[in-house]
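Below is one structure, written out as structure tokens; the observations come after it.
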Amino acid sequence: MSTTQIRLKPLRTKPRKPWTPSQIVLTLLGIAVSALFVAPIAAALFTSLKSEAEAAEIPPHWLPEVWTAQAWKALWKTGNITNWFVNSLVVSILVTAIVVTVAALAGYGFARTEFKGKTVLMGVVMAGLMISPAVLGVPLFTTVQQMGMVDTYWGMILPQCAPAAMVYILYKFFQGIPRELEEAAFIDGAGRWRIFFTIVVPLSRPSLAAVGIFTFIASWNNFLWPYMVTNNPDLMTMPNGIATVMNSYGIQWAQLMAGGLMAGLPLIIVFVFFQRQIVAGVAHTGLAGQ
């Protein structure tokens, strides 16, 4: 009985090329930029793990001399974190849903339909990009007060649902969808609404996702308008609630940093899980090179 021996040849791996000077410079530059963005988060984390007396020391130092979670415990005990979080979640989700719906319908209307006054109306929408929301604070508050929506969820939600930038983003995207797809659907007997929901919306998922994520982040971080429209502690959002972390001795810096980290954690999670949608959405809108 004969046996056949199979000799396995070792795999040849190409030697790794040495880094070029340009690669080294770009890598060091990337590390420096990353450290610049990570440094404030690290400083907030280290400050939240200090005692209040140590956190208020001047000059400050990075690492705590005594590591303690007292600030986190005090924030959970004295602050209404759960209520603030729920309020922020409710407001941000409703604002996102309304903005995505309104921006999609308005953007598609401007991109595909012709009507009298279209140019003027589009100019009004574009003018909204040049007006700071802070300038509209007083007239918006007066309007909300006359409508009896002060200290209500809708008073915080509706004024945030004028999405000029989001309308423009989706308008630019809808212009890039081939008209032949819609014309073929018209020939088959489909109406405008059916075309919008069965053809346009599925093709627009990356852009709609990007608009939704941007709107959610902006609404979650919004401090000024909820601060103006409500004085009810039970309706405070996370940014407003964290701003109240102080006592007779002044601002509690360790608790403030702990609250800031709590408020920022959902946004970090959103970016980690949806970063591909954000990049794809910006790329599909036609705004990447502008």
Side-chain angles (χ1 to χ4, degrees), residues 25-93 95-96 156 160 209-210 212-227 230 233-279 282:
V25 171
L26 289 175
T27 301
L28 293 176
L29 182 62
I31 293 174
V33 172
S34 300
L36 187 65
F37 281 98
V38 172
I41 300 176
L45 178 61
F46 292 143
T47 303
S48 69
L49 296 175
K50 298 177 182 178
S51 63
E52 292 295 344
E54 187 180 354
E57 287 182 356
I58 299 177
H61 50 275
W62 270 83
L63 296 177
E65 295 178 356
V66 178
W67 296 77
T68 177
Q70 185 62 37
W72 294 83
K73 296 177 182 178
L75 187 63
W76 277 102
K77 183 178 179 181
T78 59
N80 198 355
I81 295 294
T82 304
N83 204 17
W84 299 342
F85 185 87
V86 171
N87 290 337
S88 288
L89 200 62
V90 170
V91 171
S92 299
I93 289 176
V95 168
T96 301
M156 291 188 286
Q160 298 186 59
I213 293 169
F214 295 152
T215 304
F216 181 87
I217 292 174
S219 179
W220 184 278
N221 286 330
N222 194 350
F223 170 82
L224 181 60
W225 178 249
Y227 179 78
T230 180
D234 294 331
L235 290 177
M236 285 184 176
T237 58
M238 284 292 286
N240 301 126
I242 293 169
T244 64
V245 178
M246 61 181 66
N247 60 11
S248 57
Y249 298 99
I251 299 174
Q252 303 296 292
W253 290 107
Q255 293 184 39
L256 188 62
M257 295 299 105
L261 290 172
M262 288 183 186
L265 184 60
L267 302 184
I268 295 174
I269 293 174
V270 166
F271 181 78
V272 168
F273 284 98
F274 297 100
Q275 55 182 318
R276 291 185 179 180
Q277 285 81 351
I278 295 174
V279 175
V282 172

(message) Can you give me the closest heavy-atom contact between W76 and T82, atom names plus distance?
(response) CZ3-OG1, 3.9 Å
(request) Could you name each residue pair satisfying side-chain hydrogen bond (donor to acceptor under 3.5 Å, both in side chains) that touches residues 65-74, not counting sequence neighbours? (result) S48-W72
(message) On a heavy-atom basis, which atom in N83 and which in D234 lie closest, and how many Å separate them?
(response) ND2-O, 3.1 Å
(request) Check whether any side-chain N or O of Q252 sits under 3.5 Å from a backbone N or O of E52 as a donor-acceptor pair, and report yes or no. (result) no
(request) Can you see which heavy atom on S88 is nearest to which on M238, and at what distance? (result) OG-N, 2.7 Å
(request) Working to the nearest 0.5 Å, report the span between CG of L45 and CH2 of W62. (result) 10.0 Å
(message) Using 0.5 Å steps for rounding, measure from the CD1 atom of I93 to the CZ atom of F216.
(response) 6.0 Å
(message) Ignoring hydrogens, what is the shortest heavy-atom contact between I242 and G259? Give both atom names and the distance.
(response) CD1-O, 2.9 Å
(request) Determine the minimum heavy-atom distance between M156 and P226, stating which atoms define it. (result) SD-CB, 3.9 Å
(message) Return the OG1 to CG distance between T237 and N221, rounded to the nearest 0.5 Å.
(response) 10.0 Å
(request) Could you pull out the closest heavy-atom pair between Q160 and V91, with the gap in Å? (result) NE2-CG1, 3.9 Å
(request) Apply ring pair (Phe, Tyr, Trp, His ring centres under 6.0 Å) to F85 and list each qualifying residue two or more places apart in sequence or on a separate chain. (result) W220
(message) For a side chain to side chain contact (heavy atoms under 4.5 Å, CB included) check, start with the C-alpha distance between I213 and I217, then their side-chain angles and the critical distance, and finish with the verdict.
(response) CA-CA 6 Å; I213 293 169; I217 292 174; 3.9 Å; yes
Determine all donor-acceptor pairs shorter than 3.5 Å in which one atom belongs to a side chain in residues 261-272; sequence neighbours excluded.
none

(request) Using modelled atom types only, decide if a donor and an acceptor are shared between the side chain of N240 and the backbone of F223 within a distance under 3.5 Å. (result) yes
